[in-house]
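When a residue number appears, it is its place in the shown sequence, counting from 1.
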Amino acid sequence: MNKKPSRSLAQELDRYITPFRYDGSGKFHLKAHKTNEKGDLDKEKAQEILDANKKRLVEFQEKLYAQDRWSLLIVFQAMDAAGKDSAIKAIFEGINPQGCDVHAFKAPSSKELDHDFLWRHVTALPERGHIGIFNRSHYEECLVTRVHPEILAKEKLPQKLVTKNIWKERFEDISAFERYLSRNGTVVLKFFLNLSKDEQRQRFLDRLEDPAKQWKFSMDDIKERALWPRYQAVYQDIVRHTATSHAPWYVVPADHKWFARVVIGSVINAALEKLDLRFPRADKASLEEFKEVRKALEKEGTGGKKQAK
C-alpha cells in the first residue's frame, strides 16, 4: 500500500500565509483586506498552533545559529496599539536570546540625522545565524516623514534633492536595499499589522482603564489617530511600491491578536523551513581527532575511579 507523501510545514500552514501575502503582482487595495479575519479558528485552536510554532521556531533557530550562513530580518509596521510588542513577546518566547536582537526605532538622534536615512538600520542588521527584529523600521522614512513634512526638513538633505519624486526614490532605494540583503543571505519578512480604527479606539480605552497599561498611552497617540486616513493611504502606497518576490509584504489582520500571532508565526516558520537548515557536519580529520579526545577523556575518567579506591 502506497503511503501518501507527507506535507511540508509550508503546505500545512499555507491557509494562514498565502491569503495575506502580497509580492507586488496584481493590484493592491488596503481596504480589501479585512482587519477582523479569524480564518477557521477559535482562540483555543489558535493557541495550539501558536504553541507548535514556538516549538518549531526554537528548533529552527538553533540550526540557523549553528549553520551560520543565513540570517532573518523581520520587519513590523503598524498603527499604534496594533500589537507589535505583544506579538514579538508571544511568538519569540523561549528562543535563545544570543541569536536574536530586537531594535525599536524611535525618532532619529542628531548623530543619525547626520547620515543617510538607511544608515541606522544598516548598522542594526542581523549577523549570519541570527534573527533581527525591527519594531518599526526603515519604512518610517516613507511614512512618518511623509505625513509630517517637518520631520523630513530635519534630515539635512540638500534642498535640491527634496523634490516631488523623493518618495518614489525612497521606495526604489528600499527595494534595492532589500534585494541586496536577499542576495547576501538575509531573508526579509515584512509584516503590516492591519488594525481597524474602532479596535484601536477600544485598545486605547483599555490602556486608560488599566494602571498596568497606562504607561503605554501618550497624547501623541491621539494626535496621530486624527491623521488615520492619511496614514492608511501612505501605508497602501508603501505596500504597493515595495512588495517584491524576494521581500513580500504580509498584511496581517490585527483586530484579533491571537490570529495575528498565528499568521506571523506561520510565515516565519515556513520561511525557515525553506532554508533547509542543518547542523554542520564535522569533516573526516575532525572525526579522527574526536576519537583521540574521547579516548583521553575516557581514560581520565577511569583513572579518577582508581584513585578514589
>> Quick check on the 6.0 Å ring-centre criterion: do Tyr65 and Trp70 meet it?
In response: no
>> Does this structure show an ion pair linking Glu199 with Arg203, if we count only N-O contacts that are shorter than 4.0 Å?
In response: yes
>> Checking Phe171 now: which residues fulfil ring pair (Phe, Tyr, Trp, His ring centres under 6.0 Å) with it, not counting sequence neighbours?
In response: His241
>> Quick check on Lys45: does its NZ atom have over 12 non-hydrogen neighbours (other residues, nucleotides or ligands) under 6.0 Å away?
In response: no
> Which distance, rounded to the nearest 0.5 Å, do you find between the CG of Leu195 and the CD of Gln232?
Replying inline: 8.5 Å
> For Phe279 and Ala66, which heavy atoms make the closest approach, and how far apart are they?
Replying inline: CD2-CB, 3.7 Å
>> Tell me if a side-chain donor or acceptor on Trp215 pairs with a main-chain N or O of Ala212 at a distance below 3.5 Å.
In response: yes
>> Can you tell me how far apart OG1 (Thr18) and CG (Asp14) are? Round to the nearest 0.5 Å.
In response: 3.5 Å
>> Please determine whether a side-chain nitrogen of the Lys or Arg among Lys89 and Glu93 lies less than 4.0 Å from a carboxylate oxygen of the Asp or Glu.
In response: no
> Any chance the side chains of Ser175 and Thr242 put a donor and an acceptor closer than 3.5 Å?
Replying inline: no
>> His115: which residues meet the ring pair (Phe, Tyr, Trp, His ring centres under 6.0 Å) condition with it, sequence neighbours left out?
In response: Trp119
>> If you take the centroid of each ring, where Trp contributes its six-membered ring, are His138 and Phe117 closer together than 6.0 Å?
In response: no
> Is it true that Val267 and Phe134 fall in one hydrophobic cluster, defined by side-chain heavy atoms closer than 4.5 Å?
Replying inline: no
> Any idea which heavy atoms bring Leu193 and Ala82 closest together, and the distance?
Replying inline: CD2-O, 3.6 Å
> Which atoms form the tightest heavy-atom contact between Gly94 and Val58, and what is the distance?
Replying inline: O-CG2, 3.7 Å
> Nearest heavy-atom pair of Leu50 and Ile91: which atoms, and what distance?
Replying inline: CD1-CG1, 4.3 Å
> For the side chain of Gln77 and the backbone of Ser137, is there at least one donor-acceptor N/O pair under 3.5 Å apart?
Replying inline: yes
> If you measure from the Lys or Arg side-chain nitrogens to the Asp or Glu carboxylate oxygens, is any gap between Glu178 and Lys190 under 4.0 Å?
Replying inline: yes
> Which pair of non-hydrogen atoms, one from Arg69 and one from Arg128, has the smallest distance, and what is that distance?
Replying inline: O-NH1, 3.1 Å
>> Looking only at the side chains, is there a donor atom on one of Gln202 and Asp206 sitting less than 3.5 Å from an acceptor on the other?
In response: yes
> Which atoms form the tightest heavy-atom contact between Pro126 and Leu73, and what is the distance?
Replying inline: CD-CD1, 4.1 Å
> Given the side-chain rings of Phe192 and Tyr250, with only the six-membered ring counted for Trp, is the space between their centroids under 6.0 Å?
Replying inline: no
> Per the ring pair (Phe, Tyr, Trp, His ring centres under 6.0 Å) rule, which among Tyr139, Phe20, Phe191, Tyr22 passes with Trp249?
Replying inline: Tyr139
> Would you find a donor on one side and an acceptor on the other, under 3.5 Å apart, between the side chain of Gln200 and the backbone of Met79?
Replying inline: no
> Do Glu224 and Asp80 touch side chain to side chain, with heavy atoms closer than 4.5 Å?
Replying inline: yes
> Any sub-3.5 Å donor-acceptor pair from Glu112's side-chain atoms to Ser109's backbone N or O?
Replying inline: yes
> Is the number of heavy atoms from other residues, nucleotides or ligands within 6.0 Å of CZ (Arg230) greater than 12?
Replying inline: yes
> Are Arg207 and Gln214 close enough that some pair of their side-chain heavy atoms sits under 4.5 Å apart?
Replying inline: no
> Under the salt bridge (charged side-chain N to carboxylate O under 4.0 Å, His left out) rule, what pairs show up with a residue in residues 138-156, not counting sequence neighbours?
Replying inline: Asp114-Lys156, Arg136-Glu140, Glu141-Arg170, Arg146-Asp237, Glu155-Arg170
> Considering only heavy atoms from C-beta outward, does the side chain of Val187 approach that of Leu275 to under 4.5 Å?
Replying inline: yes
>> Between Ser25 and Asp23, do the side chains contain a donor N or O and an acceptor N or O under 3.5 Å apart?
In response: yes
>> What's the separation between atom OG in Ser245 and atom CZ in Arg21, rounded to the nearest 0.5 Å?
In response: 7.5 Å
>> Ignoring hydrogens and geometry beyond distance, is a side-chain donor-acceptor pair present between Asp255 and Thr35 at under 3.5 Å?
In response: yes
> Any side-chain donor paired with an acceptor under 3.5 Å for Arg261 and Ser86?
Replying inline: yes
>> Within this structure, what is the CD1-NZ distance for the pair Ile268 and Lys54, rounded to the nearest 0.5 Å?
In response: 13.0 Å
> Roughly how far apart are Ile222 CD1 and Leu227 CG, rounded to 0.5 Å?
Replying inline: 11.5 Å
>> With rounding to the nearest 0.5 angstrom, report the CG to CD distance, Leu57 to Glu62.
In response: 12.0 Å
> Linking I/L/V/M/F/W/Y whenever their side-chain heavy atoms sit closer than 4.5 Å, directly or via other members, would Val102 and Ile131 fall into one cluster?
Replying inline: yes
> Would Arg240 and His29 satisfy side-chain hydrogen bond (donor to acceptor under 3.5 Å, both in side chains), going step by step from the backbone distance to the final call?
Replying inline: CA-CA 8 Å; Arg240 278 180 178 171; His29 297 284; 3.0 Å; yes
> Do His33 and Phe28 have ring centres separated by under 6.0 Å?
Replying inline: yes
